[in-house]
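Input: a single structure, listed below in structure tokens.
Side chains are part of it too, since the values below use all heavy atoms of this structure and drop only hydrogens, waters and symmetry mates.
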Amino acid sequence: MVIREYTEQDIDQIIYLNQTVFSQQEHFALNRDRNWFEWKNLKNPFGKSIITVAENEDKEIVGSRIFWAWKFKIRMNEFLAYQPIDTVVNPKYQGKGLFYKMTKEALNIAIQKNASFIFNFPNQNSIRGYLNLGWNYVSQLIWYVKLRKVGYFFHRNEKAENLYELEDYEITEEKIKNIKFTENYDGYIKAIKSHDFLKWRYIEHPFFKYGIMYYENNKKQIWGIFSINNIGKHREMFVVDIIGAYSLIGGLLKEIKKASKEFDVSIIYILSNPYIENSRMFKNGYLKLKNKNLVCLPLNLQIEEKLLNYNNWEMFGGLHDAL
């Protein structure tokens, strides 16, 4: 068995392996193809993914490991990070340590690229593997949740289908041109956002369609980016990104409420972050829910303490590749 970095000749086998294994496990019905692969791993404005593969004696790719590139800012300093995603091993080769070997090889490459940390969001089934490899448990992810229809909980584990028709809310290049990005040196860990990032992450996404809304007051603006999924007779809304003046979060919540009624949404999810006040959310009918986990492997020890405190992260749904 050979563990190595992928080459262009491996791409079709990687896509086939991912589609074959993941299609039975996922919340969404997705059809991976070359467009998906290139969008995710080659066109990312933060850089190309690190991809390692396991190749058997017949030159077949029986495992692959993707580290997704990100760039964050803490005050005025930029940090390269990677997020492990889409780990897949042919069922015939599971239990042979390929997860560990591919991860170790990807980690060595990340260190060579001067990455400052590795982070990801494992579920309860996979978290143990990361802790055994030296990742640190940071926290469960904390969500604000507003339930509009109780029946949703009886269907939430069914296959979801992204809603493609978002009417006047559809995100476009023309709309995101109006977003103003302001620097804030408060010391939180924040993904670097730009018009290029928004275009790649939300407009060019090969599977999901996103909507956008905004609220303005006294020349200040706040923007919310969201997706809606059909699950049986119910719909779930994920507010995946919030950009702008958080002091206007009350106005944005009104716009979210309006859109949720228009699309007859059963439940709304928003990831918590340090800029959102609990009291404001509770007054608007949101409760807290913990789901999935944040784990982190600091490589730059100067920021280790900051990375391991969940309260330092400006968390948002767009960090998660499956939202």
For residues Met102 and Val88, report the shortest heavy-atom separation together with the two atoms involved. CE-O, 4.1 Å

Within the 3.5 Å criterion, strictly below it, is a donor on Thr172 or Glu174 matched to an acceptor on the partner's side chain? no

Are side-chain heavy atoms of Lys48 and Asn41 found at a separation under 4.5 Å? no

For Glu167, does its backbone N or O pair with a side-chain atom of Glu165 as donor and acceptor, under 3.5 Å? yes

I'd like to know if the side chain of Asp10 and the backbone of Thr7 have a donor-acceptor N/O pair within less than 3.5 Å. yes

For Tyr16 and Arg32, test the side chains for any donor-to-acceptor distance below 3.5 angstrom and give the result as yes or no. no

Quick one: sort the Trp200 and Trp39 rings into parallel, tilted or perpendicular, breaks at 30° and 60°. parallel

Look at the side chain of His195 and the backbone N and O of Ile179, then say whether any donor-acceptor pair between them is shorter than 3.5 Å. yes

Passing option when Trp68 is tested against Ile51, Leu319, Ile85 for side chain to side chain contact (heavy atoms under 4.5 Å, CB included): Ile85

Whether Phe119 and Phe121 hold their rings parallel, tilted or perpendicular, with breakpoints at 30° and 60°: perpendicular

Parallel, tilted or perpendicular: which fits the ring planes of Trp36 and Phe207, with parallel below 30° and perpendicular above 60°? parallel

State, to 0.1 Å, how close Tyr210 and Phe208 come at their nearest heavy-atom pair, and which atoms those are. OH-CD1, 3.4 Å

Are Phe117 and Leu297 close enough that some pair of their side-chain heavy atoms sits under 4.5 Å apart? no

Salt bridge or not between Arg4 and Glu105? Use side-chain N to carboxylate O under 4.0 Å. no

Main-chain N/O of Ala115 paired to Asn300 side chain as donor or acceptor, under 3.5 Å: no

Taking the side chain as C-beta and beyond, is there a heavy-atom pair between Val295 and Ile118 under 4.5 Å? no

As a test of understanding, state which of Phe46, Tyr82, Phe79 forms a ring-ring contact (aromatic ring centres under 6.0 Å, His included) with Trp70. Phe46

Got a donor-acceptor contact below 3.5 angstrom from the Asn56 side chain to the Met1 backbone? no

Please determine, by modelled atom types, if Asn132 and Tyr100 share a side-chain donor-acceptor pair under 3.5 angstrom. no

Sequence-distant partners of Lys92, side chain to side chain contact (heavy atoms under 4.5 Å, CB included), two or more places apart: Asn90

Thinking salt bridges, do Asp86 and Lys40 make one under a 4.0 Å N-O criterion? yes

If you define the side chain from C-beta out and look only at heavy atoms, does anything of Asp241 sit under 4.5 Å from Ile243? yes

Test item: Gln94 side-chain N/O and Val89 main-chain N/O as donor-acceptor pair under 3.5 Å: yes

Cut-off 3.5 Å, side chains only: do Lys254 and Asn284 have a donor facing an acceptor? no

Polar side chain donor-acceptor pair, Tyr246 to Asn273, under 3.5 angstrom: yes

Residue list, side chain to side chain contact (heavy atoms under 4.5 Å, CB included) with Lys59, at least two apart or on another chain: Glu55

Salt bridge (charged side-chain N to carboxylate O under 4.0 Å, His left out) assessment of Asp186 paired with Arg75: CA-CA 6 Å; Asp186 53 24; Arg75 298 196 193 278; over 6 Å; no

Counting distance only, does the side-chain N/O of Gln13 pair as donor-acceptor with the main-chain N or O of Ile61 below 3.5 Å? yes

Donor + acceptor pair across side chains of Glu236, Tyr152 (<3.5 Å): yes

Donor-acceptor pair, distance only, cut-off 3.5 Å: does the side chain of Lys113 make one with the backbone of Asn108? no

Heavy-atom check, side chain of Lys209 versus side chain of Glu170, under 4.5 Å: yes

Sidechain-backbone polar pair: Asp58 side chain, Glu60 backbone, donor-acceptor under 3.5 Å: no

From Phe226 CZ over to Ser260 OG, what is the distance, rounded to the nearest 0.5 angstrom? 9.5 Å

If you count the non-hydrogen atoms of other residues, nucleotides and ligands that lie under 6.0 Å from CZ in Phe154, is the total more than 12? no

Could you tell me whether the side chain of Gln140 reaches within less than 4.5 Å of the side chain of Leu294, counting heavy atoms only? no

For Asn120 and Trp135, does a side-chain donor sit closer than 3.5 Å to a side-chain acceptor? yes

Anything under 30° is parallel, anything over 60° is perpendicular, the rest tilted; go ahead and classify Phe238 against Tyr269. parallel

Derivation and outcome, side-chain contact (heavy atoms from CB on, under 4.5 Å), residues Glu173 and Leu198: CA-CA 9 Å; Glu173 288 189 60; Leu198 297 182; over 6 Å; no

Distance-only donor-acceptor check, side chains Glu262 and Tyr169, under 3.5 Å: yes

Rounded to the nearest 0.5 Å, what separation is found between the CD1 atom of Ile189 and the CE atom of Met315? 8.0 Å

Is the centre of the Tyr188 ring less than 6.0 Å from the centre of the Tyr275 ring? yes

Can a donor-acceptor pair be found, under 3.5 Å and without considering hydrogens, that links the side chain of Ser272 to the backbone of Ile142? yes

Please determine whether side chain to side chain donor-acceptor pair (under 3.5 Å) holds for the pair Thr52 and Arg65, giving the CA-CA distance in whole Å, both sets of side-chain angles, and the decisive distance to 0.1 Å. CA-CA 5 Å; Thr52 56; Arg65 187 78 165 108; over 6 Å; no

Within the 3.5 Å criterion, strictly below it, is a donor on Gln124 or Asn293 matched to an acceptor on the partner's side chain? yes

Do Ser227 and Leu323 make a side-chain contact, defined as non-hydrogen atoms from C-beta onward lying under 4.5 Å apart? no

Which word best sums up how the rings of Phe197 and Tyr202 line up, parallel for under 30°, tilted for 30 to 60°, or perpendicular for over 60°? perpendicular

Is Phe72 reachable from Tyr185 through a run of I, L, V, M, F, W or Y residues, each pair having side-chain heavy atoms under 4.5 Å apart? no

